[in-house]
Protein chains: 2
Amino acid sequence: MKKNPTIADVARKARVSIATASRVVNNSDHPVSAATRRRVLKVVAEMGFAPSEVARALATRQTCMIGVIVGDTNDPYFSAIVRGIEDVARENGYIVIVCNSDRIPAVELTYVRTLLNYRVRGLIFAGGGLTDENYLREMRALVEQMERRNVGVVGLSEHLFPACEVTIDNRAAVRDGTSYLIQYGHRRIGMLSGPAGLNTTRLRTEGYRDALQAAGIAFDPALVIPGDFRFQGGIRAIERLLAIDRLPTAIMSSNDEMAIGAMVALKQRGLRIPTDISLVGLDDILSTQYVDPPLTTVQIPLYEMGATGMRQLVRLLNDEEIEPVLWLNHTLIERQSVSRIAG
Amino acid sequence: MKKNPTIADVARKARVSIATASRVVNNSDHPVSAATRRRVLKVVAEMGFAPSEVARALATRQTCMIGVIVGDTNDPYFSAIVRGIEDVARENGYIVIVCNSDRIPAVELTYVRTLLNYRVRGLIFAGGGLTDENYLREMRALVEQMERRNVGVVGLSEHLFPACEVTIDNRAAVRDGTSYLIQYGHRRIGMLSGPAGLNTTRLRTEGYRDALQAAGIAFDPALVIPGDFRFQGGIRAIERLLAIDRLPTAIMSSNDEMAIGAMVALKQRGLRIPTDISLVGLDDILSTQYVDPPLTTVQIPLYEMGATGMRQLVRLLNDEEIEPVLWLNHTLIERQSVSRIAG
DNA sequence: AATCGGTTGCAAACCGATTGGATTTCAACC
DNA sequence: GGTTGAAATCCAATCGGTTTGCAACCGATT
């Protein structure tokens, strides 16, 4: 097992001091004569020297690593966000450590601690904040600690601890989706909600109620089906809804995958969409375009959220002034899963 | 900006030497009296001390970071693999740095070098190897270097540089998919192939030819449409195929997303699937289940590939004996996008 | 020849841990 | 009471860089 060449090796071979070699490599502003510089650079090339980021991190007390906490990389919602983060990170010389929490408080906390031990320069929380009390207490302490230690923190949805944020208005997004259904004459509207313990779930359900209330429709808790943001969850939700005496005429889903699951389950039972039942999703993942019928949905700029979040983090780390909360727009995308209700 | 507590702080406060403190923290087998241990542990808890992984990495010359090079995290193919990697990594105390290369040789090379400077313990190449000559030359040199520096390397498809591998038989997978179509009476079969410069593309196209040859069907290069593994690519491929005088009666796609793009494009033109044209995909991503009709496809155990690859890497790093190449099985999943040809 | 300001380069401290080997402690034994 | 050896503890080198203070050197000016 051979060792990597060190800056000492370079210095020796170029017959300069380590300090000089270091200055050439980092082209610092300390003056170095052209001849010396050339000599060092030549040796660097010959030996294929590249400074150890580990050693450099220890000396400068800074790394260029940023941690990203996601629910599940395999969920298209997160994978789009991560891609946005990664692209901007790369442009700015950062590398990204991705951690899947599965939205489990303990896992998330452990990851955050580990990342801090690795001395990441910043941390991005993708996905909605958890609401668990113990989790929040610990997380707030950690965020405070990061503040003191100069570790940047950015949240990508509405989190419950103080951090710079880039988010859409989840409540309004679902309100708009639901209102759209109401405009089409629907008054008995089901809601596929997200997993418990998630702030986003809370907000989206509130948006649903807002829309109902604005239209003077009574809220029926039996029509709100808890889900898990996944395809199978959508299928199960339909089973639960069918257990009710009468199906709603429309369903607002708090994400696309569940909406698609619901669509498949409904079609399997011979129900036509949108003729028999209308469906609105949320996120606008790619597959909304190729299900049949294409899914009407409230678009969230996922990639952009990731990219913007990372951009904010970069600014934060450069000590630039930034908006504490950046709101991104959602947009209703009309496709073919909603129809005016008969009668 | 406050500093993190160091082991020196702990040692001082517990009135022991740094060495002793370190031994307690790592519970090394060097003997430490119960009383001292308790005292140190108490201080550790009080100060919330956790050793800096950076400093530890420098001292031990080892990190617990592993790098993963993927084409695009946002592609369900890769996101499933990454999830498998990450789960096993976590179980074994490793963290994962994800890098999107977009299959561009220069980007990939740069990432590998960066990761080596970060002193990752191992590297996983997800996705098929690139075939660019210059790239291969440089990559082989890098792999050799990693060998010497004891950095583990695992490839997850058939790569063109020497490394431990976990892969399916890409050639056979496409052969089997194509043969399935032939069994259903198709003889004029189109092929949606992958991007140029990719070993996997090569292998899969060969599998297509193998199947034709075995059935005594002449190979028609006009029926092989190059693609990009993406939804839009599938749509474009159909446009190109339609430019031919007569459409094939079936299409073998070298991945699912393109197959689905093709399906959408065909349906838009009023063609029925599988009545008018049959379709077989490859990968078995989730959406194959919810397109209409559900897509018959050759399943690749993506998550398992990632997980197994990471398991192999762990073994490699523990100096255990491992198989240099591990073959995983593909399986044809019959759904509803293939029908027996009329006549 | 002495002075001077600007270049250039060096030695050494430091970052925060690990670790081999030296040193101390202390109970048991002669 | 002195010796001994294992257990417990500590010292200091080391990992591979960055950075600062200081010294040497240079040609030009007085």
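Computed from a predicted model, the values in this text were never measured in an experiment. So that the names make sense, note that chain A is the first sequence line, chain B the second, and so on, each numbered from 1.
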Item checked: Salt bridge flag under 4.0 Å for residues A:Glu46 and A:Lys42 -> yes
Could you give the [atom1]-to-[atom2] distance, from [X] to [N], as a whole number of Å?
X        : N      : atom1 : atom2 : result
B:Asn4   : C:dC15 : CG    : P     : 13 Å
A:Asn117 : C:dT18 : CG    : C1'   : 16 Å
A:Arg61  : C:dC14 : CZ    : P     : 11 Å
A:Ile18  : D:dT20 : CD1   : P     : 17 Å
A:Ile7   : C:dG9  : CD1   : P     : 14 Å
A:Tyr118 : C:dG16 : OH    : P     : 18 Å
A:Arg15  : C:dC10 : CZ    : C1'   : 15 Å
A:Arg37  : C:dG9  : CZ    : C1'   : 13 Å

Of all the choices, [options], which nucleotide is nearest to the side chain of [X] once you look at every atom?
X       : options                : result
A:Arg56 : D:dT18, C:dA17, D:dC10 : D:dT18
B:Ser33 : C:dT18, D:dT9, D:dT18  : D:dT9
B:Pro51 : C:dA17, D:dG16, C:dC10 : C:dA17
A:Ala19 : D:dC15, C:dC10, D:dC10 : C:dC10
B:Phe49 : C:dC10, C:dA17, D:dG17 : C:dA17

Checklist line | B:Ser17 vs D:dC10: side-chain N/O to OP1/OP2 distance below 4.0 Å | finding: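 For D:dC10, OP1 or OP2 has a side-chain N or O of B:Ser17 closer than 4.0 Å.
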Check: Does A:Ser28 put a side-chain nitrogen or oxygen below 4.0 Å from OP1 or OP2 of D:dT18?
Finding: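 No.
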Notebook entry, point to check: Has the side chain of A:Asp9 got a donor or acceptor atom that lies under 3.5 Å from a matching backbone atom of A:Thr6?
Noted result: yes
Using a heavy-atom cut-off of 4.0 Å across all strands, would you classify [X] as base, sugar-phosphate, or nothing?
X       : answer
B:Thr36 : sugar-phosphate
A:Asn26 : sugar-phosphate
A:Ser22 : base
A:Thr60 : sugar-phosphate
B:Val54 : nothing

Check: Going by modelled atom types, is there a donor-acceptor pair between the base of C:dT19 and the side chain of B:His30 at under 3.5 Å?
Finding: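 Counting by modelled atom types and ignoring angles, no donor-acceptor contact under 3.5 Å is found here.
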Check: Which residue, A:Glu91, A:Glu304, A:Glu320, forms the salt bridge (Lys or Arg N to Asp or Glu O under 4.0 Å) with A:Arg311?
Finding: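 Of all the options given, the one that passes is A:Glu304.
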Item checked: 5' precedence on DNA chain D between A:Ala55 and B:Arg23 (nearest-nucleotide basis) -> B:Arg23
Margin query: Ignoring hydrogens and geometry beyond distance, is a side-chain donor-acceptor pair present between A:Gln312 and A:Arg315 at under 3.5 Å?
Written below: yes
Notebook entry, point to check: Does a donor on one side chain sit under 3.5 Å from an acceptor on the other, for B:Tyr111 and B:Asn100?
Noted result: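 No, no side-chain donor-acceptor pair sits under 3.5 Å.
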Notebook entry, point to check: Who is the Watson-Crick or G-U wobble partner of D:dT30, with both distances under 3.5 Å?
Noted result: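 Its partner is C:dA1.
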Check: Testing B:Ile124, B:Ile85, B:Asn92, B:Val166 for side-chain contact (heavy atoms from CB on, under 4.5 Å) with B:Leu313, which one passes?
Finding: B:Ile124
